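First the structure, in the form of structure tokens, and then the observations on it.
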Amino acid sequence: MKIIASAQEMQEFSIASKQAGKTIAFVPTMGNLHEGHISLAKQAKETADIAVVSIYVNPAQFGPNEDFDTYPRTPDADIKKLQSLGIDIVFLPAKPELYPFGNEEYTQVICPRLDTMLCSISRPHFFTGVATVVTKLLNIVQPTKAIFGEKDFQQLLVIKRVCKELFMPVEIIGHPIVRESSGLAMSSRNNYLTDDEKCTAANLFKVLTQAKQDIEAKPAKLSDANYPSSLEEHARIALVEHGFKVDYFEILNAETLTKDINDSSRSLVIAAACYLNKTRLIDNVYIEL
Ligand code: PAF
């Protein structure tokens, strides 16, 4: 396994590999790798000749009062895990290289509409930060495929949209959410939770699953415009009863992330974000009708 810190070296490696006929699968991460990341890395290893994983805590996707400084950073342990998986390249870019003109002045990638809803309401900077860094990373690594977890469903849609609109020659692949046995979606931010909070946090998936089962049991009820909002309201109340502060709980068309849903919608997503004390958790369930 090779560790590359220079963007230029990474790009030259990728160009030469592709000229030699190799395919590249890429998993961008912010490190502190858990089973969710490991399963993305395994998929990368299985689907291409060369598997590249990047580790970079991207300052542009954190707001002024968020956890950029305290975000868990465990590069040595991460590198060991990636080595044991047989990952070919770990790209560890140095911050000044990705933002050569500094934190105040940099070209931004903005994804309209999708960045005005759900997570964007409480984190308005987030998707511009993600779209910007992912565009940089994809231009550097030039992968054939890039793999992202479906836990951040909105992020996945933003990235797909950016790549399509900017004609970037990469296939974006969503990877199913990896969960703990309790149902809690794996996340680096779960490190902030106490054992008791982790037990409570598992209720988020239970409430999402209940809403999904209600819809799957009687999809025809979706033709009543009030039905999704009554399910949402019911779920929000259940979450508050479990001790969460709800940021959002929305039943949406999975392709457009709009409220344009009815019994003939092919796919829906129920997306939720809530706080458990100071920790913000996100999760979602997908429904194929
Ligand atoms: O999902 C993440 O870990 C990050 O948002 C990403 C895609 C690596 C961009 O920094």
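Starting from 1, each residue takes its place in the sequence as its number. Just follow the structure's listing: the first ligand is 1, and inside any ligand the first atom is 1. Reckoned from all heavy atoms, side chains included, excluding hydrogens, waters and symmetry mates. The structure presented is a predicted model; accordingly, all values stated were derived computationally and were not measured.
- Contacts of Leu137 with ligand 1, taken as heavy-atom pairs under 4.0 Å, are absent altogether.
- Heavy atoms of Thr29 approach ligand 1 to within less than 4.0 angstrom.
- Contact between His175 and Ile147 at its shortest, heavy atoms only, is CB-CG2, 3.9 Å.
- Taking every non-hydrogen atom of Val133 and a distance limit under 4.0 Å, the qualifying atoms of ligand 1 come out as 9 (C), 10 (O).
- Here CD1 of Ile140 is found 7.0 Å from CD of Glu97. Values are rounded to the nearest 0.5 Å.
- Here Tyr71 and Phe62 bring their ring centres to under 6.0 angstrom of each other.
- The protein non-hydrogen atom at the shortest distance from atom 7 (C) of ligand 1 is Gln155 NE2, 3.6 Å.
- At the shortest separation from atom 3 (O) of ligand 1 among protein heavy atoms lies Met30 CG, 3.8 Å.
- A salt bridge does not link Arg280 to Glu66: none of the charged side-chain nitrogens sits closer than 4.0 Å to a carboxylate oxygen.
- Taking any N or O of Gln61, backbone or side chain, at least one lies under 3.5 Å from an N or O belonging to ligand 1.
- Using cut-offs of 30° and 60° for the angle between ring planes, the His37 and His34 rings count as tilted.
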